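Some notes on the structure that comes next.
The structure displayed is predicted, hence computed values, not measured ones.
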Amino acid sequence: NTPEELPTGIIRMRNFPIAPDRGLAIVWFDTQENLDAAIPFFKGMQQQIAERFEARVELQKGIPSLDLDFGD
């Protein structure tokens, strides 16, 4: 259930169902600035999900190393 209006700079999104009650989403951004600007949006969306489903939702930010990139 992705919102219609997403933050600026999203290049790609992937969702992975891990178990019936667990999942993982990875979002790629074009710049660090757009990633930082999108954090409040995702935190608000996660808060709504946590309240609706009585769930725990976590956000982690990572920066990939181009030296370790294996391609896609």
(message) Assess the residue pair Phe41 and Leu6 against the criterion (side-chain contact (heavy atoms from CB on, under 4.5 Å)); give the C-alpha distance rounded to whole Å, side-chain angles, the decisive distance to 0.1 Å, and a yes or no.
(response) CA-CA 8 Å; Phe41 169 83; Leu6 294 171; 4.3 Å; yes

(message) side-chain contact (heavy atoms from CB on, under 4.5 Å) for Ile10 and Trp28? Distances and angles first, verdict last.
(response) CA-CA 6 Å; Ile10 292 179; Trp28 287 263; over 6 Å; no

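No option in Glu51, Gln46, Gln48 other than Gln46 meets the side-chain contact (heavy atoms from CB on, under 4.5 Å) test with Val57.
Residue Thr8 comes nearest to Asn34 through the heavy atom pair O-CB, 3.4 Å, listed as atom of the first residue, atom of the second, then distance. For Asn15 against Ala25, the heavy-atom pair with the smallest separation is OD1-CB, 3.0 Å.
Of the inter-residue distances, the one linking Glu58 atom CD with Lys43 atom NZ reads 11.0 Å to the nearest 0.5 angstrom.
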